[in-house]
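Following: one structure in structure tokens, then a few remarks.
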Amino acid sequence: MLGSILAEKRNENNKFFLFVVDNYFKGKELAKRIPVKPEDELMFIDVDPYEPTTEQIDSIRDTILKKKGLPAGVIGIGGGSIMDIAKAVSLMFTNEGSSTLYQGLNLIKKRGIYHLGVPTISGTGAECSMTAVLTGPVKKLGLKCDWTVFDQVVLDPDLLATVPQDWWFYTGMDTYIHCIESETGRFKNAFSHAYAEESLKLCKDVFINEGCGKNAENDEKLMIASLMGGLSLTYSEVGVCHALSYGLSKILGTRHCYANCLAFNHLEDYYGDSVQEFKQMLKKHNIALPQNLSKDWTDKQITDMAEVAYNLPHMWNHAIGENWKEKITIDLIKGLYERL
Ligand SMILES: [Fe+2]
């Protein structure tokens with residue numbers, strides 16, 4: 001199917017595609033099914049342990065341009081990080097200079113090249129969000145604009161079959177947390193609510209209701225939940241958990257979905273019943289999150305994380321209110337990290 005979708009686009013620019021694929025699939029069955037032609041470029045990218053960086057995006061762009069010129073399109077096959085890489089590279093092919101120049105809202109000047117996403121793990125919503133999150137030397141912040149969104153997405157729940165149980169849980173919880181945060185804040189609206197409500201129903205079927213667990217039917221539900229959760233947050237906002245999670249990723253390199261789980265587990269005073277439900281889901285699927293992590297962190301690391309989190313005003317504005325600076329301080333955020 002992917003081959004026929006791409007056939008129509010092949011004649012654009014220098015008539016080749018760039019495939020960016022999670023290194024996990026190298027030598028595996030899925031890799032053999034990728035419709036790569038001799039003129040195409042296939043890059044297997046190791047996304048462990050770090051999330052995509054601005055330097056990495058610039059380097060992929062520069063290498064390909066030097067070798068073959070402008071591709072007809074970029075195809076991303078993998079999890080949230082690969083989705084973000086494909087989206088970011090597509091934009092950077094047409095926008096000059098380093099991607100650090102464009103980290104933020106609507107800073108991109110030109111439409112990127114055609115890009116298509118094939119998610120192989122569900123939860124981050126990266127397949128439908130209008131942001132490509134990148135860690136730069138100064139900030140962890142997305143290239144966010146209307147052109148970031150994929151031109152096309154291929155959703156195939158069969159691809160989720162091989163996801164390991166713990167990552168199935170962590171990435172699924174990213175969707176759950178997107179919905180809870182989207183619903184709990186001042187940017188919530190009828191559109192974001194409709195998607196969050198539906199996505200949460202599906203999440204509960206997958207993770208807590210009777211018949212929950214990892215199976216083909218639930219894989220399909222999770223794939224759609226991820227998409228709807230992503231749409232919900234796109235039109236609302238994330239909150240306290242994502243702010244803390246960004247600090248963990250930027251300073252310690254913790255993977256996004258896992259970082260969310262670590263933080264959400266201790267945010268009962270912000271997300272009450274949902275944190276209780278989250279704990280039930282942990283128990284149901286035998287997931288044990290580490291405790292007392294902060295005892296091994298230096299005060300400098302905790303301060304640095306708190307500063308990253310504090311510098312995400314849109315999230316605090318949504319979760320706490322317009323006057324959030326009267327309530328949220330660096331010291332308070334440090335206290336939240338110390339719970340972990
Ligand atoms: Fe997320």
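All ligand and atom numbering here is 1-based and tracks the order in the structure.
- In this structure, Phe264 is a member of the same hydrophobic cluster as Leu252, with clusters built from ILVMFWY side-chain heavy atoms closer than 4.5 Å.
- Tracing side-chain contacts under 4.5 Å through hydrophobic residues (I, L, V, M, F, W, Y), one never reaches Val153 starting from Val21; they form parts of separate clusters.
- For Asp174, the N, O or S atom with the smallest separation from the Fe ion (ligand 1) is OD1.
- With a cut-off of 2.8 Å, the Fe ion (ligand 1) has no N, O or S atom of Cys257 in range.
- Here the two rings, on Tyr176 and Phe278, have centers that are 6.0 Å apart or farther.
- Sorting the N, O or S atoms of His242 by how far they are from the Fe ion (ligand 1) puts NE2 first.
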Lys300 vs Asp304, salt bridge (Lys or Arg N to Asp or Glu O under 4.0 Å): CA-CA, chis, key distance, verdict: CA-CA 6 Å; Lys300 164 122 178 45; Asp304 289 350; 2.7 Å; yes

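- With the Fe ion (ligand 1) as the vertex, NE2 of His178 and NE2 of His256 span 170° to the nearest 10°.
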